[in-house]
Amino acid sequence: MHIEKIHLRNYRNYESLTLDFSPKINVFIGENAQGKTNLLEAIYFMAIGKSFRTAKDGDLIEIEQEGSYAKLLLCKSNGQEKRIEIGLDRLKNKRCKINGVPLDRISELLGTLNVVIFSPEDLQIIKQGPSQRRDFIDGDLSQITPKYHHVLGQYQKILKQRNQALKMKQFRTVDLDPWNAQLVQYGTEIIVYRKEFIKGLSILTRLMHRKITREKENLKLIYQSSIPMEKEESFEAIKSIFLKNLKDLEEEEVQRGVSLMGPHRDDLEFEINGKNVKKYGSQGQQRTTVLSLKMAELEIMKKETGEYPVLLLDDVMSELDEHRQQDLLQSLKNIQTFITSTSMESMEKIENMNLYEVHGGKIKILKKSVS
Ligand SMILES: Nc1ncnc2c1ncn2[C@@H]1O[C@H](COP(=O)(O)OP(=O)(O)O)[C@@H](O)[C@H]1O
Ligand SMILES: [Mg+2]
């Protein structure tokens, strides 16, 4: 898929922007604080329905304005066109349309435009705590499988209610069974989806990483569940292990007033040649791990949805050494890519691209690709 056109009005520092893109590589050069990330954020917003930088939609509206509007024209690989529109106002109304048809829920947007974003903050997937890694898995799975997004929402709702029930049980009798049954049902669905996804992603990441490290390193992704289970368990088996362990934990859970087991406590581990990357990996290995992961994400999305997503590379090129840049650029042949950078350095070697200059909320095209 590729984005043909975007239009923004009163969005971040774009008062009014209309832009055509190349279906291949689009490079945006500009100094700091000119609007490069804002543009990628707008694309991401129209894919996911929320920003990757803020939980408050109001931040996206140009400071002095009451509302904003964003429109994007998408072309699927089968030639089908999709028009995505999102309107925002300060009263927290978010209105979204696909091909002119209003959506009841923003989540219905998922799966129309698929994106993979790679920014310097992605190093946090390795460095930070488990919640960053769960967010990473949840983000991808929600795009690939809209049903997953729904189940995750249900699970989070039940989790919240169950935690309230646990707190209540400190003072009076509460029957936890109905909460347990639902937590286990939705929780197991999530775990099964995630394990399957990580299995596929692990194979691809390993391949990418071997290539980038010239066969020197073996990278492995391991889904670490809070539920003590063997490697390959059936849906029913996971359910019953989950339920049994939940019973054993009950006393402690009531005391602490929180649910201590389930996919909300799970983690993803990265290992290079058998060693944990977060604990023992060098800065360089951690970066390469993220690069391998991002390249694998593109492939798994292609595998699961039938077409490559759009790739957003925010300020990462200059952080990669020469041959990693080459590896990355080479793998982008059939993928529409948006690259931002503060300098032209290392952009010259990109053969066929649209080149834009970003300055103070305005974008000028400097060079059009020959296609
Ligand atoms: N809601 C908003 N309204 C107006 N300007 C905004 C808004 N949000 C951010 N900005 C401005 O956008 C600029 C940052 O843009 P950004 O895309 O992050 O820069 P960069 O080019 O470095 O990636 C800053 O000048 C900031 O003041
Ligand atoms: Mg930026």
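Remember, it's 1-based here, ligands and their atoms both numbered in the order they're listed. Note that these values count all heavy atoms, side chains included, but never hydrogens, waters or copies made by symmetry.
Sorted by chain and number, the protein atoms of type N, O or S within less than 2.8 Å of the Mg ion (ligand 2) are Thr37 OG1.
Distance alone, capped at 3.5 Å, is enough to place a donor-acceptor pair between the Gln286 side chain and the Val277 backbone. Listed for the Arg324 side chain is no donor-acceptor partner under 3.5 Å among the backbone atoms of Arg287. For Asn13 (side chain) and Gln34 (main-chain N/O), a donor-acceptor pair under 3.5 Å exists by modelled atom type.
Under 4.0 Å from any atom of ligand 1, one finds heavy atoms of residues Arg12, Asn13, Glu31, Asn32, Ala33, Gln34, Gly35, Lys36, Thr37, Asn38, Arg53, Asp59, Ile61, Glu62, Ile63.
Under the side chain to side chain contact (heavy atoms under 4.5 Å, CB included) test applied with Tyr308, the options His2, Lys333, Glu299, Met301 reduce to a single match, Glu299. Checked against Ile272 for a side chain to side chain contact (heavy atoms under 4.5 Å, CB included), the options Thr288, Thr289, Thr213, Asn218 give a single hit: Thr289.
Heavy atoms from other residues, nucleotides or ligands lying under 6.0 Å from NE2 of His150 number 12 at most. The environment of OH in Tyr280 is sparse: at most 12 heavy-atom neighbours from other residues, nucleotides or ligands sit within 6.0 Å.
Salt-bridge check for Arg53 with Asp59: failed, with every basic side-chain N at 4.0 Å or more from each acidic carboxylate O.
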As a quick check of understanding, evaluate ring-ring contact (aromatic ring centres under 6.0 Å, His included) for Phe21 and Phe338, giving each step before the final call.
CA-CA 9 Å; Phe21 301 123; Phe338 296 80; 4.8 Å; yes
